[in-house]
**Q** 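Could you have a look at this structure, given as structure tokens, before my questions?
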There are 2 protein chains.
Amino acid sequence: MSHSRLPTRQSAEIRQAEMVQAVLHLAARQEPASITTTEIAKVVGLSQGAVFRHFPNKQAIWLSVAQWLTANLLPLIQTAAQSSPNPLTSLANIYCTHLQFVQENPGVPRFIFHELQQPNDSPIKQEVASMLQTYSGILIGVLQQAKASQQALPNLDERSAATLFIGSIQGLVMQAMLQGSTATLEPMSLGVWDLYLSAIRQHA
Amino acid sequence: MSHSRLPTRQSAEIRQAEMVQAVLHLAARQEPASITTTEIAKVVGLSQGAVFRHFPNKQAIWLSVAQWLTANLLPLIQTAAQSSPNPLTSLANIYCTHLQFVQENPGVPRFIFHELQQPNDSPIKQEVASMLQTYSGILIGVLQQAKASQQALPNLDERSAATLFIGSIQGLVMQAMLQGSTATLEPMSLGVWDLYLSAIRQHA
DNA sequence: TATGTTAGTAATTAATTACTAACAAGGTAG
DNA sequence: CTACCTTGTTAGTAATTAATTACTAACATA
């Protein structure tokens with residue numbers, strides 16, 4: 001009979017990163033609120049007690065996830081925002097980048113929604129909220145450029161346009177959740193993007 | 001010293017309805033996943049055990065909430081869809097009706113998202129999914145009318161337009177959750193609606 | 001008034017949860 | 001070789017959860 005093999009010892013830094021990935025992996029298939037430390041430990045391949053060697057409490061894990069999100073999504077969006085001299089092209093690239101990120105990390109939309117739902121202003125919610133704030137800011141900047149170059153409607157309300165941008169992706173995500181997989185994201189995404197463009201563009 | 005007064009006895013039907021309302025009331029301020037039978041009982045003014053006099057288990061309560069949602073939201077949307085000979089006006093009325101419903105029942109978006117998140121196909125998720133399916137169907141019908149009367153783009157993809165419609169509201173809800181109240185819904189809603197209209201309308 | 005049904009309670013249960021404590025072993029500096 | 005810090009385990013804890021139990025009061029009606 002074989003004992004379960006002892007895990008190779010890893011540095012705290014590595015274990016922390018593994019647990020953040022474990023949470024995202026689990027969030028892809030279940031409600032974030034229902035993720036337990038036991039499940040996280042099992043995914044990483046450690047005992048439940050080991051979780052608390054690397055995080056003081058469960059909240060700290062979630063905060064790490066939020067920080068991972070900020071550190072990984074925002075640079076992608078930033079880069080996409082500056083990817084073209086044409087603001088509308090940049091906007092399209094942000095859209096694609098965001099969708100690709102969601103497809104590669106299906107747990108992310110659930111995590112975000114889960115945290116925004118919280119009534120209290122935990123550090124976690126603040127982190128997520130400020131991330132979305134920054135995201136919106138980037139969008140508004142690109143939209144202003146589009147307006148300045150007369151590619152967008154001259155009376156465009158950038159804040160509403162940013163809300164609709166994020167909402168359009170949210171709508172696709174909901175559609176995907178209805179079917180139960182992120183496979184549905186791709187086919188619909190082009191049609192929705194065409195509509196968004198039609199909403200803000202200066203029509204001939 | 002006074003004992004806590006005995007509650008006036010009510011019929012099972014009334015109690016069930018009260019508990020559904022209690023869940024929606026609680027969902028307005030906290031995650032649906034974290035709502036306990038003890039909290040529900042407290043809101044209704046009964047003991048925790050009494051909850052199971054009227055529902056066989058917790059799942060049955062959530063199913064009742066889903067059924068309440070179908071029975072109350074869909075007729076409103078149906079009526080709004082037929083409220084005007086002008087399809088674009090009807091669409092605007094659906095938009096307003098939906099937003100007003102969300103404002104009066106802030107727990108509803110959370111409940112829907114909570115259920116769609118579930119990986120398994122529970123009766124609850126099926127109920128919510130079919131409700132949204134019907135909703136989409138109504139939207140697509142009105143959009144087809146708009147296309148037929150040449151008020152919408154002739155090459156409009158109705159399914160994408162329906163997804164963007166729901167997404168636009170979802171975006172507003174997210175914005176409101178960022179602030180922590182549904183108060184933010186109203187001011188932004190007009191700007192987002194103008195954009196949506198601009199997306200689907202046949203431009204002069 | 002007697003009897004059966006319905007709607008309530010308080011107390012308890014088994015399971016699950018986040019978290020802790022005592023101990024073991026790997027790796028490395030002195 | 002040894003002292004020590006880090007990373008791991010196992011075996012607990014207290015708290016909370018949905019659900020069940022035994023029992024009681026209110027109500028309807030023959």
Side-chain angles (χ1 to χ4, degrees), chain A residues 1-23 26-27 30-66 111 114-115 118 120 122-124, chain B residues 1-23 26-27 30-66 111 114-115 118 120 122-124:
Chain A
M1 55 192 98
S2 63
H3 297 74
S4 59
R5 251 207 357 295
L6 286 175
T8 57
R9 286 166 60 96
Q10 299 289 341
S11 71
E13 206 177 349
I14 288 179
R15 288 299 189 208
Q16 284 170 12
E18 284 179 345
M19 291 186 195
V20 166
Q21 285 308 306
V23 167
L26 289 166
Q30 68 188 271
E31 253 188 305
S34 74
I35 296 174
T36 66
T37 54
T38 306
E39 288 176 300
I40 296 171
K42 188 174 285 182
V43 171
V44 177
L46 297 178
S47 68
Q48 190 247 355
V51 170
F52 295 92
R53 285 275 153 221
H54 304 295
F55 287 103
N57 51 45
K58 203 186 177 187
Q59 288 259 316
I61 307 178
W62 296 100
L63 182 57
S64 269
V65 174
F111 176 80
H114 170 258
E115 282 311 320
Q118 311 289 17
N120 53 341
S122 67
I124 311 165
Chain B
M1 57 190 88
S2 66
H3 298 72
S4 59
R5 249 208 0 296
L6 287 175
T8 57
R9 286 166 56 98
Q10 298 291 341
S11 72
E13 207 178 348
I14 288 179
R15 287 301 189 206
Q16 284 171 11
E18 283 179 346
M19 291 187 194
V20 166
Q21 285 307 307
V23 167
L26 288 167
Q30 69 189 272
E31 253 187 307
S34 73
I35 298 174
T36 65
T37 54
T38 305
E39 288 175 300
I40 297 171
K42 187 174 287 182
V43 170
V44 177
L46 297 178
S47 68
Q48 188 250 348
V51 170
F52 295 92
R53 286 281 143 203
H54 304 295
F55 288 103
N57 51 45
K58 204 186 177 189
Q59 288 259 316
I61 306 178
W62 297 100
L63 182 56
S64 269
V65 174
F111 176 80
H114 170 258
E115 282 311 321
Q118 311 288 18
N120 53 341
S122 66
I124 311 164

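Please read these numbers as outputs of a predicted model, since none were measured by experiment.
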**Q** According to side chain to side chain donor-acceptor pair (under 3.5 Å), who are the partners of B/Ser64, at least two apart in sequence or on a separate chain?
**A** none
**Q** Does A/Thr37 place a side-chain N or O at less than 4.0 Å from the phosphate oxygens OP1/OP2 of C/dA18?
**A** yes
**Q** What is the minimum heavy-atom distance between B/Ile40 and B/Leu26, and which atoms define it?
**A** N-CD1, 4.0 Å
**Q** Going by salt bridge (Lys or Arg N to Asp or Glu O under 4.0 Å), name the pairs with one or both residues in residues 11-21 of chain B, residues two or more places apart or in two chains.
**A** B/Arg15-B/Glu18
**Q** Which of residues 39-46 of chain A have a heavy atom under 4.0 Å from DNA chain C?
**A** none
**Q** Tell me, which of residues 50-63 of chain A have any heavy atom that sits under 4.0 Å from an atom in DNA chain D?
**A** A/Ala50, A/Arg53, A/His54
**Q** Name all residues meeting the side chain to side chain contact (heavy atoms under 4.5 Å, CB included) criterion together with B/Ser47; count only those two or more places apart in sequence or in a different chain, and write none if there are none.
**A** B/Ala50
**Q** For nucleotides 11-13 of chain C, tabulate all protein N/O to nucleotide N/O atom pairs closer than 3.5 Å, reporting atom names and distance.
**A**
none

**Q** Taking the side chain of B/Thr36 as heavy atoms from C-beta outward, which of C/dG8, C/dT9, D/dA18 is closest to it?
**A** D/dA18
**Q** Which heavy atom of A/Ala66 sits nearest a heavy atom of A/Ile124, and at what distance?
**A** CB-CG2, 4.2 Å
**Q** Collect all protein-nucleotide pairs involving nucleotides 3-6 of chain D in which both atoms are nitrogen or oxygen and the distance is under 3.5 Å.
**A**
residue: D/dT6; atom: O2; partner: A/Arg9; partner atom: NH2; Å: 2.4

**Q** Sequence neighbours left out, what passes side chain to side chain donor-acceptor pair (under 3.5 Å) with B/Ser34? Give chain and number order.
**A** B/Gln30
**Q** Under the side chain to side chain contact (heavy atoms under 4.5 Å, CB included) rule, collect the residues that match up with B/Ala17, sequence neighbours excluded.
**A** none
**Q** Sorted by first residue and then second, give each side chain to side chain donor-acceptor pair (under 3.5 Å) pair with at least one member in residues 48-62 of chain B; sequence neighbours left out.
**A** B/Thr37-B/Gln48
**Q** Using the test side chain to side chain donor-acceptor pair (under 3.5 Å), find all partners of A/Gln10 that sit at least two apart in sequence or belong to another chain.
**A** A/Thr8
**Q** Which heavy-atom pair separates A/Val44 from A/Ala22 by the least distance, and what is that distance?
**A** CG2-CB, 4.0 Å
**Q** Let me know the distance between CD of B/Glu13 and P of C/dT6, rounded to the nearest Å.
**A** 14 Å
**Q** Atom CG in A/Leu63, atom CZ in A/Phe55: separation rounded to 0.5 Å?
**A** 9.0 Å
**Q** Could you pull out the closest heavy-atom pair between A/Leu46 and A/Met19, with the gap in Å?
**A** CD1-CE, 4.4 Å
**Q** A/Glu31: what forms a side chain to side chain donor-acceptor pair (under 3.5 Å) with it, not counting sequence neighbours?
**A** B/His114
